[in-house]
Amino acid sequence: MLDAKLFRSELADTAARLLQTRGFKLDVAKLEALEERRKALQVQTESLQAERNSRSKAIGKAKAQGEDIKPLLAAVDDLGAQLEQAKADLHDVQNELQSIIEGVPNLPASEVPLGADENDNQEISRWGQPHEFAFETKDHVDVAAGLAQGMDFERGAKLAGARFVVLQGAVAQLHRALAQFMLNLHVNEHGYTEAYVPYLVNHDTLFGTGQLPKFGEDLFHVQGATEKQVPLSLIPTAEVPLTNLWRDEIADEEQLPLQYAAHTPCFRSEAGSHGRDTRGLIRQHQFDKVELVWLVKPEDSMAVLEQLTGHAERVLQLLELPYRKVLLCTGDMGFGSCKTYDLEVWLPTQNTYREISSCSNMGDFQARRMQARFRRKGAKKPELMHTLNGSGLAVGRTLVAILENYQQADGSLKIPTVLQPYMGGRSEIKAS
RNA sequence: GGAGAGAUGGCAGAGUCCGGUUGAAUGCACCUGACUUGAAAUCAGGCGUGGGUUCACACCCACCGGGGGUUCGAAUCCCUCUCUCUCCGCCA
């Protein structure tokens, strides 16, 4: 959510920037009209309230002194109805304004390249050399099939439906090893606080990070057994619970920065993705991810984005997976982000780089929705924090990358050195 | 699942029965000043959040877990939801 001031004093400029950077059309005339109406109604409502308050006070005083309050009551007779009407009108206008403002994406940072879609993203760097295979490579589905059928999509479909999988044996173990390795790295070496969080969250929480009200159809929603229970939704990423840890709170300056890491499952309905990445583990309704979240002072957030991205890169480097780092253009960035780096891992069978991590500086966009603030030492007014998040990494896609990059001619799989301690010291998974 | 108690400012804790100058006593914490070589102690003052009008000074509105209601007026009365605690039952 952007600062309401941008829709008042700087409306024309804001609209121009949104259109230029995100192709987002702001209805300036409508906003101006609504704002004008809002101002008039709010002034009217508040002055009616002020009048009611003072008259009620007078009645109280008169009554305490034993005077006759009947004439005073009569004088206040029609105030109630007037006030009720003004309140209702104001409420309507404010709701309308609010729903427009809530739907406006964040403004990109000035250094973000202008562009319409992923074709305009800017490659920043590449790390590692894609391995030359002396044999015909199999994709991760086929590699896993040769490892005691460790990846079972038929059974996944039987149990739950399309885009679900069952992992078994050494492949399941490798999946777990990856998550453990990543979480340990971030907690032990990068200073993150490990967190275990709810996988179901309420709508206030989803509003805070920006999933609601606009992107509800990307989520799985859960209704309790009784009508009266509050509706919950499965988290699409641990960013949601981790960032919301500080919703409606004011931190002391010295408590910042806060950094959290969590390994959680993530659930996405993938509505609108029919036919995309239908084969394999790339796009599932349920996948695991190790997520990194920072809550920082505004002046630190850009530097922290570099640091955070570096932490995700470190995972790929230690796993010796070739990747590239991409700065997303204005048109390809997420709704709430002001600057995003994607990390893309090399997949030999697709002969291309595929997204495995996305690291974003959300600026104060989420903090404003959440009212997550901090107070500088000696300052009176609290300020909004900046929030950042990044995958470090998506576990399922990392498993894909390992199956494809570490496959051997005989159908076995080499285990990356750093994972071997998590695999009982084994250096390979034999073909079955 | 059954029975009961509760939710007030950064924290603790009055006020709620009997609605009225209560945005809320008091204590602690915190900030500023005085005293002190410095500190402690003491004294004086300050000290919630969001929003609106205004160039500004300032003024006004809302908020006592959330939502709704009664009333000229609600922290206080009524309904409802959520959460916390105690006891019993059940359970990974």
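In what follows, chains are A, B, ... by sequence order, proteins preceding strands, each numbered from 1.
Taking side-chain N and O atoms only, A:Arg38 has a distance below 4.0 Å to OP1 or OP2 of B:rU53.
A:Thr340 and A:Ser360 are linked by a side-chain donor-acceptor pair at a separation below 3.5 angstrom, with hydrogens and angles left out of the test. Between the side chains of A:Gln82 and A:Gln44, no donor N or O sits under 3.5 Å from an acceptor N or O. A donor-acceptor pair shorter than 3.5 Å cannot be found between the side chains of A:Gln420 and A:Ser427. Side-chain N/O atoms of A:His263 and A:Asp288 include a donor and acceptor closer than 3.5 Å.
A:Tyr260 and A:Tyr192 have their aromatic ring centers separated by at least 6.0 angstrom. In this structure, the ring of A:Phe267 has its center no less than 6.0 angstrom from the ring center of A:Phe287.
Across all strands shown, B:rG4 is found opposite B:rC85 as a Watson-Crick or G-U wobble partner, with both distances under 3.5 Å. In this structure, B:rU54 makes no Watson-Crick or G-U wobble pair, since no nucleotide meets both defining distances under 3.5 angstrom. Under the Watson-Crick or G-U wobble criterion, with both distances below 3.5 Å, B:rC11 is paired with B:rG27.
Following rounding to the nearest Å, A:Leu90 (CG) and B:rU53 (P) show an atom-to-atom distance of 11 Å. Counting to the nearest Å, the P atom of B:rA62 and the NE2 atom of A:His91 are 15 Å from each other. Residue A:Arg375 contributes atom CZ, which lies 18 Å from atom P of B:rA29 at whole-angstrom precision. Rounded to a whole Å, the CD atom of A:Gln371 is 7 Å from the P atom of B:rG50. As a whole-Å value, the separation of A:Leu83 CG from B:rG73 P is 9 Å. Distance NZ (A:Lys57) to C1' (B:rA74): 14 Å, rounded to an integer number of Å. Atom CG of A:Leu48 is separated from atom C1' of B:rA62 by 15 Å (rounded to the nearest Å). As rounded to whole Å, 13 Å separates atom P of B:rG73 from atom NZ of A:Lys63.
The C1' atoms of B:rG67 and B:rC72 are separated by 24 Å, rounded to the nearest whole Å. Comparing B:rG2 with B:rC18, their C1' atoms sit 34 Å apart, to the nearest whole Å. As rounded to the nearest Å, B:rC28 and B:rC17 have P atoms that lie 30 Å from one another. Rounded to whole Å, the separation between the C1' atoms of B:rA29 and B:rC77 comes to 36 Å. Across the P atoms, B:rA5 and B:rC78 are found 13 Å apart, a figure rounded to whole Å. Nucleotides B:rG23 and B:rU42 have their P atoms positioned 32 Å apart, rounded to a whole Å. Rounded to whole Å, the C1' atom of B:rA74 lies 13 Å from the corresponding atom of B:rA24. Between B:rG50 and B:rA44, the distance separating the two P atoms is 31 Å to the nearest Å.
Residue order along RNA chain B, read from the 5' end via each residue's closest nucleotide, puts A:Glu35 first among A:Glu35 and A:Arg55.
When each of B:rG51, B:rG20, B:rA62 is scored by its nearest atom to the side-chain atoms of A:Gln49, the top-ranked nucleotide is B:rA62. Among the nucleotides B:rU54, B:rG50, B:rC72, the one closest to the side chain of A:Leu73 is B:rC72. Nearest nucleotide to the side chain of A:Arg52, out of B:rG73, B:rG50, B:rU54: B:rG73. The listed nucleotides are B:rC72, B:rC61, B:rU21; the one nearest the side chain of A:Asn53 is B:rC61. Picking from B:rG20, B:rA62, B:rU49 the nucleotide with the shortest atom distance to the side chain of A:Ile59 gives B:rG20. Minimum atom distance to the side chain of A:Lys61 is reached by B:rU21, of the listed B:rG52, B:rU21, B:rG50. You'll find that the side chain of A:Ala50 is closest to B:rC60, out of B:rU49, B:rC60, B:rG50. When distances run from any side-chain atom of A:Glu46 to the nucleotides B:rC60, B:rC72, B:rG50, the shortest one goes to B:rC60.
Smallest separation of non-hydrogen atoms from A:Ala394 and A:Lys289: CA-CG, 4.0 Å.
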